[in-house]
Amino acid sequence: MRGPHNIWRLIQTGATFERTGAMRVALEALDAPPALRMAARVLGWPSKLLGLKGDASLPPVSRALTALGPAYIKFGQILSTRPDVVGDEMADELKMLQDALPPFSSDIARSEVEKELGDSVDGLFSDFSEPVAAASLAQVHKATVRESGRTVAVKVLRPGIERAFLRDVDAFYFAAWLVETLSPNSRRLKPRAVIEHFESVVVGELDLRSEAAAAAEFRANTLKDPGFTVPEVIWPLSARRVMTLDWAEGTKFGDVAALRAQGANMPELSQRVMQTFLKIALRDGFFHGDMHQGNLKLSPQGDIVALDFGIMGRIDAYTRRVYAEILIGFLRQDYRRVAEVHFEAGYVPPDRDIDQFAQALRSIGDPIFGQEASQISMARLLAHLFDVTERFGMETRTELILLQRTMVVVEGVARSLDPNMNMWETARPAVEDYIRDNLGPRAVVRDLVKTVTVLSRFGPLLPAMAEQALIRNNQSTPTSSQAWPSWVWMLGGGALGVLGTALIMAFL
């Protein structure tokens, strides 16, 4: 489907923003230069009649995004958590995209449930409510299981959502190709790889069996974490387009006034959200990738309750250590070490000057330390960061896209609870705990044990591998031991490493 026909979709996007009045509002919120505003006005006005009308009862930007479809709504959800980037007014407007979109008919939802679960709704549930929340891809109904009396949340995908979403992503691919073609310098940012990552993440949301499995894994990982709760999946009542979980009572994080009325300590809750996310992401490498206000509740017992597990992220152990070292380097204002980690991980090309890179990092970090969070312009900070990455040829790391995006969202949630929350100081305890547990002597021993475990799996094969290597070597150069393949020497070194590790373990 990817091709020039998507030009129409891009034109329609711009025209819809112009027709709904969202173009002017968005450019003002983002503090766009006057020249760009004028250009958008001149180019957009002739095509405004080609745009979608949308729901006239909605504010301009929300009206445009909901008219354009689910992928655009996802983008709006991200912006809704960043009042420091788009302004308080715009952020408040976009919050309705989190779970207050127009629902589809309950009759259609009941039909989907019956088709997926193979039984009538009345046979499965003694009570099945009207929609209690509706988001971009699905809506939720509160229900009571007839057999057990258990109160549950039943999530049902929107009809035809798969086709609508893939149509939007198709246009995004074309836009990424266009950007790379017209601006070769943008290729280091890997626009198409970013869209590919976005597609792979959200396609997982279109199969609720995958989401149920993610919820179950996330719950198992965090079951012993105090003050954090994940609802249990009801597997017999879940399928591809329907998922059922325990009902989670609580106050949504988007309703700050209700949280205060509940007696929540807002600064403490703000810090807890950030620290909980970092602790889980660094410890498990498996994290909630869509932690906006609509997916978080505060239970009557004071626990943070996570909802909606369609977007989950994974990062391997090595990447977690790199990320933690970068964070702790910034926290300690050790910019030289931060620069070294970037070079060691291959995030910066080796031909660049490490001292200049460290100096550039200082220009990012120093201005934000010692300041109130409300005094920091995140928009300007991000613009500066982009300039630095461009100057030093840093490419987009697709394995970190979701983690970085979620960090931005979680910080936005935390600052909505406490505008004076300082991300760096709040993050320090979680990052230092991870560094202590994963970069010290115990971590070295643990890594050696894992290495021995992996090598032991190949134990029965090692004699035959060594014999074959010796035969091949003797056939080619029978008199020169120096001509042995390098990997044979590595095998011998590996055996010594196993022996050394065994000795270490014997003395522990």
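Keep in mind that the numbers below use all heavy atoms, side chains included, and drop hydrogens, waters and symmetry copies. Along the sequence shown, residues are numbered consecutively beginning with 1.
- Here the closest non-hydrogen pair linking Q139 and S105 is NE2-O, 4.4 Å.
- Of all heavy-atom pairs spanning A67 and L52, the tightest one is O-CD1, 3.2 Å.
- The shortest distance between side-chain heavy atoms of D119 and E114 does not fall below 4.5 Å.
- In this view, T13 and F17, L68, Y72 satisfy the side chain to side chain contact (heavy atoms under 4.5 Å, CB included) rule, not counting sequence neighbours.
- The structure places CD1 of I435 at 5.5 Å from CD1 of I328, a figure rounded to the nearest 0.5 Å.
- D122 and S120 share no side-chain donor-acceptor pair at under 3.5 Å.
- With a 4.5 Å cut-off on side-chain heavy atoms, F286 and I280 do not count as touching.
- Under the 4.0 Å criterion applied to side-chain N and carboxylate O atoms, R283 and D225 are assigned as salt-bridge partners.
- At least one side-chain heavy atom of E211 sits less than 4.5 Å from a side-chain heavy atom of K155.
- Using a 4.5 Å heavy-atom cutoff, the side chains of N295 and H288 are in contact.
- Using a 3.5 Å distance cut-off with no hydrogens or angles, the side chains of Q262 and T251 do pair a donor with an acceptor.
- Electrostatic pairing of E325 and R321 does not count as a salt bridge here, judged by no charged N lying under 4.0 Å from a carboxylate O.
- Between the side chains of E130 and S106, at least one donor N or O sits under 3.5 Å from an acceptor N or O.
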side-chain contact (heavy atoms from CB on, under 4.5 Å) assessment of K279 paired with Q275: CA-CA 6 Å; K279 180 180 75 172; Q275 290 172 355; over 6 Å; no
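- Using a 4.5 Å heavy-atom cutoff, the side chains of M407 and F277 are in contact.
- Of all non-hydrogen atoms in V113 and F125, the two that sit nearest each other are CG1-CE1, 4.3 Å.
- Separating the CD atom in E249 from the CD atom in Q301 is a distance of 9.5 Å, to the nearest 0.5 Å.
- Going from atom OG1 of T276 over to atom CD of Q271 covers 11.0 Å, rounded to the nearest 0.5 Å.
- F287 CZ to L282 CG: the interatomic distance, rounded to the nearest 0.5 Å, is 10.0 Å.
- Using a 4.0 Å cut-off between charged nitrogen and carboxylate oxygen, K252 and D255 do not count as a salt-bridge pair.
- Among L269, I304, L307, the one residue that satisfies the side chain to side chain contact (heavy atoms under 4.5 Å, CB included) test with L296 is I304.
- A donor-acceptor distance shorter than 3.5 angstrom exists from the side chain of D316 to the backbone of Y318, with no hydrogens or angles considered.
- Using a cutoff of 4.0 Å between basic side-chain nitrogens and carboxylate oxygens, E268 and R272 are scored as salt-bridged.
- Residue A109 comes nearest to H141 through the heavy atom pair CB-NE2, 3.4 Å, listed as atom of the first residue, atom of the second, then distance.
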Audit row: L278, L327, side-chain contact (heavy atoms from CB on, under 4.5 Å) steps and yes/no: CA-CA 11 Å; L278 276 174; L327 286 176; 4.2 Å; yes
Worked check of side-chain contact (heavy atoms from CB on, under 4.5 Å) between L237 and I234: CA-CA 6 Å; L237 298 176; I234 315 299; 4.1 Å; yes
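- A pairwise comparison of heavy atoms in F253 and L298 identifies CE1-N, 3.5 Å as the closest pair.
- Distance check, rounded to the nearest 0.5 Å: CD1 of I311 to CE of M291 gives 13.0 Å.
- Residues D290 and T406 form no side-chain contact, since every pair of their non-hydrogen atoms from C-beta on lies 4.5 Å or further apart.
- Using a 4.5 Å heavy-atom cutoff, the side chains of D246 and R150 are in contact.
- With a 4.5 Å cut-off on side-chain heavy atoms, R314 and M312 do not count as touching.
- How far CG of L208 is from CZ of R240: 8.5 Å, rounded to the nearest 0.5 Å.
- Ring geometry, F218 versus F309: the interplanar angle falls from 30° to 60°, so the pair is classed tilted.
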Chi angles and distances behind the side-chain contact (heavy atoms from CB on, under 4.5 Å) call for R415, S270: CA-CA 7 Å; R415 290 182 66 172; S270 171; 6.0 Å; no
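- Remark: K297 qualifies as a cation-pi partner of W247 under the 6.0 Å distance and 45° angle criteria applied to the six-membered ring.
- Although no hydrogens or angles enter the test, the distance criterion places no donor-acceptor pair under 3.5 Å between the side chain of R219 and the main chain of P231.
- Here the side chain of S238 pairs a donor or acceptor atom with the backbone of T244 at under 3.5 angstrom.
- Ion pairing between a basic and an acidic side chain is recognised when a charged N comes within 4.0 Å of a carboxylate O; R158 and E112 show no such pairing.
- The backbone N or O of G51 sits nowhere less than 3.5 Å from a side-chain atom of T16 that would complete a donor-acceptor pair.
- Using modelled atom types, one side-chain atom of T426 and one backbone atom of N422 make a donor-acceptor pair closer than 3.5 Å.
- Residues D127 and R146 are not paired through a salt bridge, judged by the lack of any N-O separation under 4.0 Å between the basic side chain and the carboxylate.
- The two residues K53 and R63 make their nearest non-hydrogen contact at O-NE, 2.7 Å.
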